Structure formats: structure tokens, C-alpha cells
Amino acid sequence: MSKTIQGVKGMNDVLPQESAAWLHFEAVSRAWLAAYGYRQIRTPIVESTPLYVRGVGEHTDIVEKEMYSFEDSLNGEKLTLRPEGTAGCVRACIEHGLLYNQTQRLWYTGPMFRHERPQKGRYRQFHQLGVEAFGFTGPDVDAELIVMLADLWARLGLKGLELEINTLGEVAERAAHRADLVAYLEKYQDILDEDGKRRLYTNPLRVLDTKNPALQEMAENAPKLVDYLGEQSRQHFEGLKALLDDAGIAYRINPRLVRGLDYYNLTVFEWISTDLGSQGTVAGGGRYDGLVEQLGGKPCTGVGFGMGIERILLALEAQQVALPEPEPDVYLVHAGEQASRLAFGLAIKLRAEGLNVVLHGGGGSFKSQFKKADGSNACYAVVIGDEEAANNVANLKTLKGEGAGEQVTLPLADLAARIRA
Ligand code: ATP
Ligand code: MG
């Protein structure tokens with residue numbers, strides 16, 4: 001026998017016992033998105049590499065070391081498996097004129113690819129659901145996105161998520177802050193780690209976004225962007241906070257929250273689960289008013305978030321939130337040649353009447369089939385032996401709930417109506 005072929009490291013299969021949680025998340029999230037007037041956009045998984053270099057930022061972790069990039073063997077075009085959804089969404093909106101003189105509320109979902117070290121909550125193929133709102137300038141949309149996520153946690157039954165917010169100000173404000181920050185960090189050259197040294201001049205804000213305990217104090221005392229904010233930026237942040245206060249949403253202002261992507265301005269936020277250790281961020285987002293222009297479109301404001309579906313499902317699991325299991329109406333038990341033939345046709349008829357029916361396969365005694373029926377989570381077993389088949393009747397046995405264990409014999413034609421009642 002030849003050697004078995006394994007899946008790719010960091011890219012997971014979703015097995016049948018896990019897919020109920022995914023389907024549940026998808027059902028809840030679709031209803032939730034509709035409640036806020038968001039419409040779906042679907043873009044390809046492969047985009048041209050320069051889209052991400054320009055749209056995510058040359059000096060980000062994603063572009064520096066996490067992208068799956070390759071050359072098209074036919075024409076040498078540089079392509080990348082999407083590491084995130086915003087750049088592709090903006091590209092499509094510009095290409096199809098969706099941002100011209102109009103606002104858009106959009107969402108997307110699907111696999112994303114990042115070449116990271118796999119661990120719990122961090123994978124090489126993972127799934128995001130993201131939302132982007134274009135053409136809105138006020139802090140009200142920023143607040144709505146945050147409120148919307150709080151609503152999703154409630155709909156999912158997820159508790160204990162913490163919200164951190166910050167403001168990044170506008171470009172000129174960041175430039176003034178940056179100059180002072182670089183001067184400050186230069187004094188700490190010799191204690192900076194490799195990443196820190198590399199980023200000192202390319203992306204000094206990111207030096208503060210460090211998980212290295214030895215650098216915490218230095219990061220704590222660095223010049224703070226809030227002290228550089230102009231009146232408008234300050235008002236935007238105050239407006240956001242007021243709306244969150246009105247909605248009764250608790251938050252912590254984290255001045256060091258800068259997020260991994262280069263293109264954010266003003267509002268940034270993260271929702272963090274305390275159940276997931278260092279992979280605790282389940283959703284992050286913010287405003288990126290310059291991105292559309294950066295990617296070649298007419299100026300258009302944008303704000304959005306992305307959430308990691310695997311991390312949300314891990315948090316649900318950690319909190320032991322009960323998930324709805326698939327529940328067939330009927331498990332169809334049959335033994336004997338005549339009976340089996342009849343059962344095959346009966347399953348088709350019952351499904352045509354709107355019932356979910358699992359037809360037993362593979363033979364076996366009534367006893368072993370009943371075991372399967374119990375394990376199937378079905379509400380009823382319909383049982384046919386040759387004697388029932390000869391008389392055109394079946395036994396209907398209630399497996400769950402009120403009347404569990406009861407059994408009646410019914411004409412085949414009456415089964416569907418009885419089960420639905
Ligand atoms: P982190 O700091 O954990 O690396 P990030 O800032 O890179 O996160 P974003 O680019 O903002 O993450 O992506 C949005 C969300 O997608 C994250 O909050 C997280 O829930 C999820 N996510 C990001 N990278 C991964 C990954 N490799 N595996 C699983 N989920 C991920
Ligand atoms: Mg990351």
C-alpha cells in the first residue's frame with residue numbers, strides 16, 4: 001500500500017461533528033447581517049500581489065512574512081491567496097463603480113491564508129466574516145459596527161467578551177507623533193528585539209504593539225498619540241464614546257491598540273475573549289478613510305471589521321454553549337425484502353411532503369436499527385416489516401419529547417399528516 005497523503009499543515013478539515021457549530025454560526029450571522037441592512041459581496045480567493053502590498057501595507061506582518069504568493073506559470077503574473085478581505089472588497093467596489101455617489105454596507109465571508117506558526121486559534125487557512133461600510137463619515141457608523149458585534153455575541157450566547165477602542169487620528173497628526181516617537185525609540189535601540197529594530201523607521205507604531213514583556217515599560221511610557229490629536233479627531237472619538245455609553249456598551253481605551261494593518265485612521269477597536277489565551281482577539285476593525293484612494297479610487301471613506309470564525313467557535317466551545325444538533329423528523333427502519341423496497345419509496349414520498357427522513361441503510365436486525373434511530377436524534381421512527389408491507393401500514397414510534405415510547409400502527413398514506421401534527 002502506498003503512503004497516505006496528509007492535509008497541509010495549519011489548514012484544517014471541518015469534520016461532521018464540528019460542522020453543526022459552523023452551520024449554527026452561519027445561520028445566526030446571516031439573520032444578524034440582514035437586521036442591519038448589509039448585503040453580501042463575493043470576491044475571488046486569488047488577487048494580484050500588488051493589491052495587498054498597496055492595500056494592506058508593505059511594512060505589515062501580513063505583507064512582510066505571511067502571504068502565500070506565487071507566479072502564474074502561464075504569464076508570470078504575481079498572485080496571492082487572500083490574507084484578508086478588505087483589500088479585495090475595495091478593489092471590487094472600485095472596479096464596478098459601487099462607491100460613486102453612494103453609500104454601501106457590505107459583508108463577506110470565506111477562507112483567508114496566512115503563513116503563520118499554527119497553534120490553537122491561529123491557522124494558515126482560517127475563516128473570516130467581515131463587514132465594510134463605505135461613504136459614511138460620522139462616528140455613528142463606527143459605533144453601529146461595535147454595537148452590531150455586541151448584538152452578535154448576544155445572539156450566539158457568547159459571554160465575557162471585552163471591548164478595547166482607540167483612535168489613530170489623521171495622517172498629519174500621526175506624522176507629528178511619529179517623529180517624536182522615533183526620537184524616543186532611538187534611545188532604546190539596544191533593548192529592542194529584532195522586529196523592533198526592523199520597524200523603528202518603517203513602522204514605529206508597531207514597535208509598541210509588542211508582546212515582548214521586556215519591552216512593556218518602554219512601550220508604556222512612549223509619546224501618546226492622543227496628545228497629538230486635532231479638534232476634529234478628538235470630536236470623532238468623543239462622539240463614538242458617547243454613542244457607546246448611550247448603548248450601554250462597556251469599553252476600555254487602549255492607547256496602544258494600533259492593529260496590524262497600515263491603513264487605519266481615527267477609530268480602531270478589538271473584541272477580545274478571555275477564554276482563548278494569547279489568541280484572544282475574535283474581531284478587530286476600524287476606519288480606513290484613505291484606503292479607497294490608495295487603491296486608485298475616488299476618495300471615499302470606509303470603516304469595517306473582520307472576525308475570526310474559528311476563534312468564535314473556540315470561545316463558544318470553552319463556554320460550553322449548547323448548539324442545535326441536526327434533528328431529522330423520521331428514521332426509517334425496515335427489514336425484509338418487500339418491506340425494504342416499500343421503505344425506499346416511502347422515504348421519497350415523505351420527503352416530498354416536507355419531512356426530513358433518514359432511510360436506514362445496510363440491513364441488520366430491528367434491534368440494531370433502533371439503536372441507530374436513537375443515535376440519529378430523530379423525533380420518530382417509522383418501522384416497516386414484511387407484515388406491515390403486505391398491509392400497506394407502518395408502525396410510528398415516538399422517540400423523543402412528549403409521548404416518547406408510544407407506538408401506533410397507521411396506513412402509509414396517513415403517516416406524513418400524523419407526524420406533522
Ligand atoms: P493577531 O494579532 O491575532 O495576529 P490580526 O491583527 O493579524 O490578529 P486581523 O488581520 O485584524 O488579525 O484579522 C481579523 C481577525 O481574524 C482576528 O481578530 C482573528 O480573530 C482572526 N485571525 C487573524 N489571523 C488568524 C489566524 N492565523 N488564524 C485564525 N484566526 C485569525
Ligand atoms: Mg496577525
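Given the structure is predicted, the values throughout are model-derived calculations rather than measurements. Just follow the structure's listing: the first ligand is 1, and inside any ligand the first atom is 1.
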With a 4.0 Å cut-off, would you call Arg91 and Glu47 a salt bridge?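 A salt bridge links Arg91 with Glu47.
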Salt bridge check, Lys197 against Asp193: does any charged N sit closer than 4.0 Å to a carboxylate O?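 Lys197 and Asp193: not salt-bridged.
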For Glu84, state whether at least one heavy atom is located under 4.0 Å from any atom of ligand 1.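 Outside the 4.0 Å threshold, so no.
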Any heavy atom of Arg122 sitting closer than 4.0 Å to ligand 1? yes
Surrounding CD of Gln319 (heavy atoms of other residues, nucleotides or ligands, distance under 6.0 Å), is the total greater than 12?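 Count over threshold, so yes.
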Residues which pass ring pair (Phe, Tyr, Trp, His ring centres under 6.0 Å) with Tyr123, listed by chain and number, not counting sequence neighbours: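 Once residues adjacent in sequence are excluded, Tyr123 has no partner under the ring pair (Phe, Tyr, Trp, His ring centres under 6.0 Å) criterion.
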Going by the order shown, which atoms of ligand 1 are within less than 4.0 Å of some heavy atom of [X]?
X	result
Val282	18 (O), 20 (O)
Gln128	13 (O), 14 (C), 15 (C), 16 (O)
Gly308	15 (C), 16 (O), 20 (O), 21 (C)

Do any pairs count as a ring-ring contact (aromatic ring centres under 6.0 Å, His included) and have a residue in residues 296-322, sequence neighbours left out, and if so which ones? none
Below 3.5 Å, N or O to N or O, backbone or side chain included: is there any such pair between Arg114 and ligand 1?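 It does: an N or O of Arg114 is found under 3.5 Å from an N or O of ligand 1.
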Ignoring angles and geometry beyond distance, decide whether Glu310 reaches within less than 3.5 Å of ligand 1 through its nitrogen or oxygen atoms.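 No, no N or O pair falls under 3.5 Å.
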Show the numbers, then the answer: is there a side-chain contact (heavy atoms from CB on, under 4.5 Å) between Ser48 and Leu51? CA-CA 6 Å; Ser48 77; Leu51 173 70; 4.2 Å; yes
